[in-house]
J.: 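Have a look at the structure that comes next, please.
Keep in mind the model is a prediction, meaning the values are calculated, not measured. Sequence lines set the chain letters: A, B, ... in the order given, protein chains first and strands last, and positions in each chain run from 1.
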Amino acid sequence: MVRSNDEVAALLAEYADLISITGGEAYRARVYEKAARAIGGHHADVATLDLKGLQEIPGVGRSIAEKVTEYFRSGSVQAVEELRAKIPAGVRRLTAVPTLGPKKAHVLYEQLGISSVDELADAVHAERLRDLKGFGPRTEERILHGIELLRSAGDRVLLDVATELAEDLVARLSEVTGCLRCAYAGSLRRVRETIGDIDVLAAARTSAPLMRAFTGLPYVTEVVAHGTTKTSVRTDRGLAVDLRVVPPDSWGAALQYFTGSKAHNIRIRELAVRQGLKLSEYGLFDVESGARIVSETEEEVYARLGLPWIPPTLREDRGEIEAGTAGDLPDLVQESDLRGDLHTHTDLTDGLAPLESMVAAAAERGYAYYAVTDHAPDLSMQRMTDERMLAQREQVRKLDGERGGRGRRAGMRLLHGTELNIGPDGEVDWPPEFLAGFDLCVASVHSHFGQSRAEMTRRIVRACENPYVNVIGHPTARVIGRRPGIDADLDEVFAACARTGTALEINAHPNRLDLRDEDILRARRHGVRFAVDSDAHSVLHLAHIRYGVGTAQRGWLTKDDVINTWPEARLRRFLRKGRTERTRRGTGVPP
DNA sequence: GCCGTTTTCGGCCCGACTGTTTTCAGTCG
C-alpha cells in the first residue's frame, strides 16, 4: 500500500540522514527532512505533479522538485546514489541505536569500518572502540545497552497501554507534596496511534520530591537520566518515561512545548522569531529586553503569537497553523458528541458479554442509540445461522427503548445489525431479502488479504455499491504491529463511499485504529461520512471509543462528518441509503 | 536548500543531559 508520496518521502528522509552522516551542512539535512514530511503528508499524488506544482508544496523548492521529477523519470536520483555509494545502508541503521547519532555512526564507519549493528556489537566486545576520540568506557556501555533495547524490539506500544500507564503516573505524582499541576503531554496527548515514550509534566517550586517519587515508582526498572528539571526512566514493560518539572508560572509554555509535535513547535517558534520573540518551555520572551511576556497557559502563548488555541490532535504541522491564522480551524468532534456506537458484538459470536450486559453498559454511557452487529455466517468459526440471528433480533426488539441510561429521559434505541464479510468478489453473506431485515449492516474484509490491488479495490467498491451495506468496517484491515493494511486503491474506495452513501468506519480498537489519520484526511476530501465505532467485544471495550474520537480529530473531522453524532432520525435516513430508489432502478443489487 | 510585513542574502528552534571534555560536542525530544 505504498503511495508514491511515501516512496518519495522515504527517499528524501534517507538523503537527509546520509547528509548528516557524511558531515554535510545541518541545515541542508533539515530541509530534506522537512520536505520529506511535507510530501508524505501532501494530499495530491506527487507523481502527477510537474515542477511548478511540486514547488507549491511548502518546503519544496526548485532543487528538491527537480530531484522528485528525476526520481519519477529515471527511477533514481543521482545525488542520492552518490551518497549511497559512499555510505553502506548498515551505517544508517547504526543511528537507530539509542545514543548513537549520525556523527558517531560516521566515526565508527570511517575509523573502524563498522557498517552494521552486529559488527558494532562485536567491535565493542573486542574493545576496539577504546582508542577512538570521544568514545570512553561509559559510551561503550551505553552502546551495548542501546543494541539490547533495539534487539528486544517492541519499541512502541499501543495507545491504550500508554494511556493507562500515563493516567496512573499522573495520579500518583499529583499526590506528591508540592506538586501543583501534573499532566501527560507528548504524542500521547496528541493521540498518536502508537507511543514511543511518555512525557509527563509537573509544576512545582522544587523538583526533588517529585523526582524522588518518580524514580521510586514500583514499575520503574532503570533510571536513564536524572536531573533537576528532567528525569528519564524505563519501566518493566520497556517503555521510556520522561518527567519534566517546571516552575508553576511556566506551565502553559511547558505544556505547549512538550506536547509537540516537533514539526508543529518549529513552525510556532519561527512565528515567534519573526515577531522578535523567543519561545521556550519557560515562556514567550522578548528577545531584546529578555522580559517574559506570557507563560501561564497555552491559550496565552498561542494568542500572543496571533493564533487561537490549537487542539493537540491537530499539532502535526499539517496546515493547522495556516488554518488558525485564517480563523479556519475545524470545530473538532468530541467524545461527548457521540450519541451511539454502531459496531459492537455479544457472546452470540465472539464477544465476551451477553446482549443484556452490553446494552446496559451502553445505556450507562448515556447513548441515545446502540447497534448490535454480531458476525455473519461466512466467518464460519462464529457458527452464525439465520435462526440465531433472528432470535437475537427478537431479543433486541424486546430490550429496545427499555434502558433510560444516565441522565436520559427517553429510552436508548437499539438497532439490530450485523458485521458482514466482504467476500473475494465483493459479495456478502446474505441475499438482499435477508439483509433488508437489518437496521444497519457493517461490512468488513476478513479474508483473502493477499489479493491484487485491482481485485481488492473492486471487491470493496462492490460492497459499497450493495444498497444494504452502510458502513465499511476497519477499511484497511490492518492490525498495528502485526498485519499491514490490504493493498487497495483507497482513493477509489473513498470515491465509491461518497457516491453510494456508505460510511467509512474509524475502528477505535487500539490495535486497529482503522482508518488511520492520514487516510481520514484524504477520505474527507472526497466528502465521505464516517462512523466512529468501538467494535467492542466486551463491556470494557466500549470505552475504547475515545481512541477513535482522537483518531477522528487527527483527521480534522467535525461532528457533522460523523454519522453517530447525528440525531436518530437523521441517522436512520442515512441508513436507508436510498435503497428503494436504487432497488427500483435495478442497480447496485448484488447477484 | 528554502524562504521573505526587516530580508533575493543571511538567516535557519531551543534547552537538558551525558560523557569526555579543561570549555564542549553529540544526542535527544
J.: Separation of A:Glu281 atom CD from B:dA16 atom C1', in whole Å?
T.: 8 Å

J.: Name the atoms and distances for all side-chain donor-acceptor pairs under 3.5 Å in residues 327-337 of chain A, with sequence neighbours left out.
T.:
residue: A:Gln334; atom: NE2; partner: A:Leu332; partner atom: O; Å: 3.1
residue: A:Glu335; atom: OE2; partner: A:Arg365; partner atom: NH2; Å: 3.0
residue: A:Asp337; atom: OD2; partner: A:Gln334; partner atom: N; Å: 2.8

J.: Can A:Arg478 and A:Asp514 be counted as an ion pair, charged N to O under 4.0 angstrom?
T.: no

J.: So what does A:Thr228 touch, heavy atoms closer than 4.0 Å: a base, only the sugar-phosphate, or nothing?
T.: sugar-phosphate

J.: Remember a base hit wins even if backbone is also touched, and classify A:Glu25 as base, sugar-phosphate or nothing at under 4.0 Å, heavy atoms.
T.: base

J.: State which of B:dT20, B:dC14, B:dG29 makes the closest approach to the side chain of A:Asp199.
T.: B:dG29

J.: Identify whether any heavy atom of A:Lys278 sits under 4.0 Å from a base atom; if not, whether one sits that close to sugar-phosphate; answer base, sugar-phosphate or nothing.
T.: sugar-phosphate

J.: Quick test of your reading: applying salt bridge (Lys or Arg N to Asp or Glu O under 4.0 Å), list the pairs with at least one residue in residues 292-301 of chain A, sequence neighbours left out, ordered by first then second residue.
T.: A:Arg189-A:Glu298, A:Asp249-A:Arg292, A:Glu298-A:Arg315

J.: Ignoring the backbone of A:Arg28, work out which of B:dG1, B:dA16, B:dT20 is nearest its side chain.
T.: B:dG1

J.: Run the side-chain hydrogen bond (donor to acceptor under 3.5 Å, both in side chains) test against A:Arg524 and tell me which residues pass, sequence neighbours left out.
T.: none

J.: According to side-chain hydrogen bond (donor to acceptor under 3.5 Å, both in side chains), who are the partners of A:Tyr15, at least two apart in sequence or on a separate chain?
T.: A:Arg28

J.: Using the ring-ring contact (aromatic ring centres under 6.0 Å, His included) criterion, which residues pair with A:Phe214? Sequence neighbours excluded.
T.: none

J.: Side chain of A:Thr229, heavy atoms from C-beta onward: which of B:dG15, B:dG1, B:dA16 has the nearest atom to it?
T.: B:dA16

J.: Going by salt bridge (Lys or Arg N to Asp or Glu O under 4.0 Å), name the pairs with one or both residues in residues 63-89 of chain A, residues two or more places apart or in two chains.
T.: A:Glu14-A:Arg84, A:Arg62-A:Glu66, A:Glu81-A:Arg84

J.: Starting from C1' on B:dA16, measure out to OH on A:Tyr282 and report it in whole angstrom.
T.: 8 Å

J.: All N/O contacts under 3.5 Å from nucleotides 3-9 of chain B to the protein, with atom names and distances to one decimal?
T.:
residue: B:dC3; atom: OP1; partner: A:Gly59; partner atom: N; Å: 2.7

J.: Nearest-Å distance, CD (A:Glu33) to C1' (B:dC2)?
T.: 14 Å

J.: For the pair made of CD in A:Gln256 and P in B:dC13, what is the distance, rounded to whole Å?
T.: 15 Å

J.: Between atom CG in A:Leu271 and atom P in B:dC12, what is the gap in whole Å?
T.: 15 Å

J.: Taking all non-hydrogen atoms of both residues, which atom of A:Ile506 and which atom of A:Ala552 are closest, and how far apart?
T.: CD1-CB, 3.8 Å

J.: For DNA chain B, find the residues of residues 178-188 of chain A with a heavy-atom distance under 4.0 Å and give them by number; none if there aren't any.
T.: none

J.: Kindly state each residue pair satisfying salt bridge (Lys or Arg N to Asp or Glu O under 4.0 Å) with at least one member in residues 104-126 of chain A, sequence neighbours excluded.
T.: A:Asp118-A:Arg151

J.: With sugar-phosphate meaning primed atoms plus P, OP1 and OP2, does A:Tyr257 contact a base, only sugar-phosphate, or nothing at under 4.0 Å between heavy atoms?
T.: base

J.: In chain order, what residues pass the ring-ring contact (aromatic ring centres under 6.0 Å, His included) check against A:His106, with sequence neighbours excluded?
T.: none

J.: For A:His474, enumerate each residue passing the ring-ring contact (aromatic ring centres under 6.0 Å, His included) test, keeping only those at least two apart in sequence or located in another chain.
T.: A:His446

J.: Does a side-chain N-to-carboxylate-O contact under 4.0 Å join A:Glu141 and A:Arg138?
T.: yes

J.: Check every strand shown and say whether A:Arg267 touches a base, only sugar-phosphate, or nothing at a heavy-atom separation below 4.0 Å.
T.: nothing

J.: For nucleotides 25-28 of chain B, list the nitrogen or oxygen atoms of the protein found under 3.5 Å from its nitrogen or oxygen atoms, one pair per line.
T.:
residue: B:dT27; atom: OP1; partner: A:Gly101; partner atom: N; Å: 2.7
residue: B:dT27; atom: OP1; partner: A:Gly101; partner atom: O; Å: 3.1
residue: B:dT27; atom: OP1; partner: A:Lys104; partner atom: N; Å: 2.9
residue: B:dT27; atom: OP2; partner: A:Lys103; partner atom: N; Å: 3.2
residue: B:dT27; atom: O5'; partner: A:Gly101; partner atom: N; Å: 3.4
residue: B:dC28; atom: OP1; partner: A:Thr99; partner atom: N; Å: 2.8

J.: What's A:Ile64 touching, base or sugar-phosphate or nothing? Going by heavy atoms closer than 4.0 Å.
T.: sugar-phosphate

